[in-house]
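What follows is a short report on a single structure.
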Amino acid sequence: MKYLAKAATLDYDAGKCTGCRMCVEVCPHQVFVIENRRARITDIDRCMECGACALNCEAGAISVDAGVGCASAIINGMLTGGEPTCGCDSGESGSSSCC
Amino acid sequence: MTEKDPKFVTAGNGPLLRDVMEMMSKAPAAAGRPGPSRIAGRVTAAATRTERWEHFRCRVGSFRDSYRVEPGLYAFGEPDEEADVLVSANYKLSFDTLRSGLGGHDFWILVLDTRGINVWCAAGKGTFGTRELVRRILETQLADVVKHRRLILPQLGAPGVNAREVRQRTGFKARFGPVRAADIPAYVKAGYRKTAAMSTVRFGIRDRLVLTPMELNPALKKYPWFAAAALLLFGLGRPGIIFADAWSGGFPFLLLGLVAVLAGAFLTPVLLPYIPGRSFAVKGWLAGLASMLAASFLPVVSVALGDRLLLAAAWLLFPALSSYLALQFTGSTTFTGMSGVKKELKFAVPLYIAALAASILLLIAFKLTGWGIL
Ligand code: SF4
Ligand code: SF4
């Protein structure tokens with residue numbers, strides 16, 4: 001299953017890549033493969049913007065606008081004018097429906 | 001640590017961990033055994049009957065909000081100073097899933113304080129994060145418990161943990177292991193190598209099915225409000241409220257409302273890959289439309305929707321409702337990103353508002369014609 005086409009903000013600079021494989025190890029959707037000792041993006045539409053690759057790429061070759069792909073969280077964020085947050089860390093409020 | 005110690009609780013993590021900790025604080029630390037202060041408890045793979053019931057309750061309601069384990073270092077089986085250290089969240093369902101996948105092996109389990117949230121969500125929020133991991137490693141004096149410097153993190157914790165920073169600050173090399181706990185023994189045996197299957201998140205029909213109660217619950221909680229509004233609308237006659245009309249006119253609407261909720265919050269998640277389109281709003285709308293169509297063959301519905309104004313209102317309102325509910329499911333999926341959801345909301349929310357406003361106007365017009373005013 002893939003989400004909307006060309007929506008993901010994933011950006012990758014092959015020039016900085018050292019081929020360390022970290023992005024392959026962390027990505028839950030196999031967005032990266034290593035070819036000729038460099039990473040390559042296979043299918044950007046599979047990226048869910050979790051941010052794992054960017055956080056763990058030591059070479060700083062990856063950037064992504066990471067966040068939660070959760071409608072109610074984003075609506076929450078829009079209404080309160082802040083970051084999108086789902087109610088799930090306010091455990092006591094009982095509104096943890098998103099995860 | 002080879003001999004069994006009767007003071008440790010070995011079955012199913014049944015008693016409160018607090019009790020276990022108390023017992024252990026009284027037990028003198030034997031030579032070579034990690035001192036009591038460092039180990040929070042001992043656990044095994046088997047889940048007790050109570051736990052299975054608790055897991056079910058987590059799936060269906062707010063019980064999950066308070067289902068936590070004490071953070072700290074746990075012994076799984078009979079780990080020694082060479083045993084691998086697995087890192088987990090303190091949502092007990094996550095912890096128990098991890099336990100259930102490790103049967104027959106010995107590990108240390110380091111439980112982080114994620115405020116009772118599962119690994120993936122907590123990593124997104126940063127509570128399953130570098131800082132908390134470093135803190136726990138130091139607090140549990142992990143470096144004295146094990147001789148090696150290896151950590152195995154769940155792969156889904158990677159959005160919150162910077163492995164390099166962990167190494168710089170604690171000396172421990174964090175590896176991101178498989179997505180599923182059950183693959184951990186095979187992963188370790190293969191020399192910490194993952195197959196592509198081990199690192200891919202699956203989202204099969206079963207995975208989606210177990211998530212539907214949490215989609216249905218919030219929607220059904222609001223359903224009485226909708227029902228009250230519908231009954232009021234249909235019951236409202238010129239002389240006052242007519243209960244017979246409220247029921248006969250309102251019932252088909254209540255039924256359609258229920259159908260729309262099921263279409264958006266149950267059918268769409270379950271049939272997700274088979275409904276055309278990539279947009280959840282579109283998928284939900286199509287599912288709503290199809291369900292409406294099916295429901296309108298029921299005599300009670302088709303008769304009630306004989307009025308053209310009502311018919312138009314119903315077709316505008318209910319598929320839009322299904323679409324809205326389907327969009328909520330993006331929060332539970334494993335593959336929707338923030339930019340995509342924002343994109344969807346941008347076109348869908350104005351349409352929802354328009355559909356709602358138009359159907360309210362149509363319903364008002366229906367009432368007014370009924371009263372002979374229009
Ligand atoms: S993590 Fe960064 S440096 Fe390493 S292979 Fe991926 S892109 Fe290249
Ligand atoms: S942001 Fe997440 S899903 Fe997207 S490529 Fe990176 S690791 Fe994969």
Side-chain angles (χ1 to χ4, degrees), chain A residues 1-10 20-31 33 44-58 64-78 83-99, chain B residues 61-62 64-66 68 114-118 120-125 127 130 155-164 175-176 179 194 196 199-201 203 214-215 217-218 272-273 278-281 324 327-345 348-349:
Chain A
M1 270 173 281
K2 288 185 205 171
Y3 198 38
L4 305 187
K6 297 197 191 78
T9 51
L10 183 69
C20 72
R21 294 190 58 87
M22 201 60 173
C23 52
V24 180
E25 198 175 313
V26 298
C27 178
H29 294 292
Q30 312 282 298
V31 172
V33 289
I44 196 165
D45 291 351
R46 285 211 302 252
C47 173
M48 61 170 302
E49 301 181 311
C50 71
C53 54
L55 181 66
N56 280 287
C57 172
E58 294 189 7
V64 62
D65 185 9
V68 283
C70 164
S72 64
I74 294 168
I75 294 173
N76 268 351
M78 284 172 174
E83 280 285 296
T85 47
C86 27
C88 40
D89 61 353
S90 51
E92 286 72 28
S93 75
S95 58
S96 69
S97 58
C98 81
C99 42
Chain B
S62 59
R64 55 171 59 191
D65 294 341
S66 50
R68 303 176 182 196
T114 59
R115 299 188 217 140
I117 306 292
N118 70 61
W120 210 359
C121 281
K125 290 171 192 300
T127 45
T130 314
Q155 186 191 311
L156 297 183
V161 177
N162 183 330
R164 175 162 71 164
R175 286 191 177 87
F176 294 102
V179 169
K194 287 191 275 192
S199 53
T200 307
V201 170
F203 201 46
M214 291 314 292
E215 300 299 312
N217 268 352
L272 201 62
R278 286 193 186 179
S279 149
F280 279 55
Y324 173 78
L327 203 43
Q328 302 299 313
F329 190 60
T330 51
S332 299
T333 61
T334 56
F335 64 97
T336 53
M338 185 168 71
S339 307
V341 176
K342 278 187 176 162
K343 219 167 152 181
E344 287 218 62
L345 285 173
V349 170

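Computed from a predicted model, the values in this text were never measured in an experiment. Chain A is the first sequence line, chain B the second, and so forth, proteins listed ahead of strands; every chain is numbered from 1.
- For F329(B), no part sits under 4.5 Å from any heavy atom of chain A, backbone or side chain.
- With hydrogens and angles ignored, the 3.5 Å screen pairs no side-chain donor or acceptor of D65(A) with any backbone N or O of S339(B).
- Remark: the backbone N or O of A71(A) is paired with a side-chain donor or acceptor of T330(B) at under 3.5 angstrom.
- For the pair E58(A) (side chain) and R164(B) (backbone), a donor-acceptor distance under 3.5 Å is absent.
- Q30(A) touches chain B through its side chain: at least one heavy atom from C-beta onward sits under 4.5 Å away, while N, CA, C and O do not.
- Both the backbone and the side chain of V201(B) come within contact range of chain A, judged by heavy atoms closer than 4.5 Å.
- Minimum heavy-atom separation, N56(A) to N162(B): OD1-CA, 3.5 Å.
- Nearest heavy-atom pair, L156(B) versus P28(A), reported as atom, atom and distance to 0.1 Å: CD2-CB, 4.0 Å.
- Side-chain atoms of E25(A) do not come within 3.5 Å of backbone N or O of R175(B) as any donor-acceptor pair.
- Listed options V24(A), V64(A), I75(A) were ranked by heavy-atom pairs under 4.5 angstrom with chain B; first place goes to I75(A).
- The structure places OG1 of T334(B) at 6.5 Å from CE of M1(A), a figure rounded to the nearest 0.5 Å.
- When heavy atoms are compared at a cutoff of 4.5 Å, L327(B) approaches chain A by way of both its backbone and its side chain.
- At least one side-chain heavy atom of L4(A) sits less than 4.5 Å from a side-chain heavy atom of S279(B).
- Chain B forms the most heavy-atom pairs under 4.5 Å with one residue out of C27(A), A8(A), G51(A), and that residue is C27(A).
- With a 4.5 angstrom heavy-atom cutoff, C53(A) does not touch chain B via any of its atoms.
- Counting heavy atoms from C-beta outward, Y3(A) and T333(B) have side chains that stay 4.5 Å or more apart.
- Atom OH of Y324(B) is separated from atom OG of S72(A) by 7.5 Å, given to the nearest 0.5 angstrom.
- Across every non-hydrogen atom of C50(A) and P159(B), the tightest pair is O-CB, 3.3 Å.
- By number of non-hydrogen pairs under 4.5 angstrom with chain A, the leading residue of T130(B), T336(B), L345(B) is T336(B).
- Here M338(B) contributes atom CE and M48(A) contributes atom CE; the two are 11.5 Å apart, rounded to the nearest 0.5 Å.
- For A54(A), no part lies under 4.5 angstrom from a heavy atom of chain B.
- Rounding to the nearest 0.5 angstrom, the gap separating the CD atom in E49(A) from the CZ atom in F335(B) is 13.5 Å.
- Ranked by heavy-atom pairs under 4.5 Å with chain B, the first of A5(A), G67(A), C47(A), A52(A) is A52(A).
- Heavy-atom pairs under 4.5 Å with chain A were tallied for G157(B), A348(B), G124(B), P273(B); the largest tally goes to P273(B).
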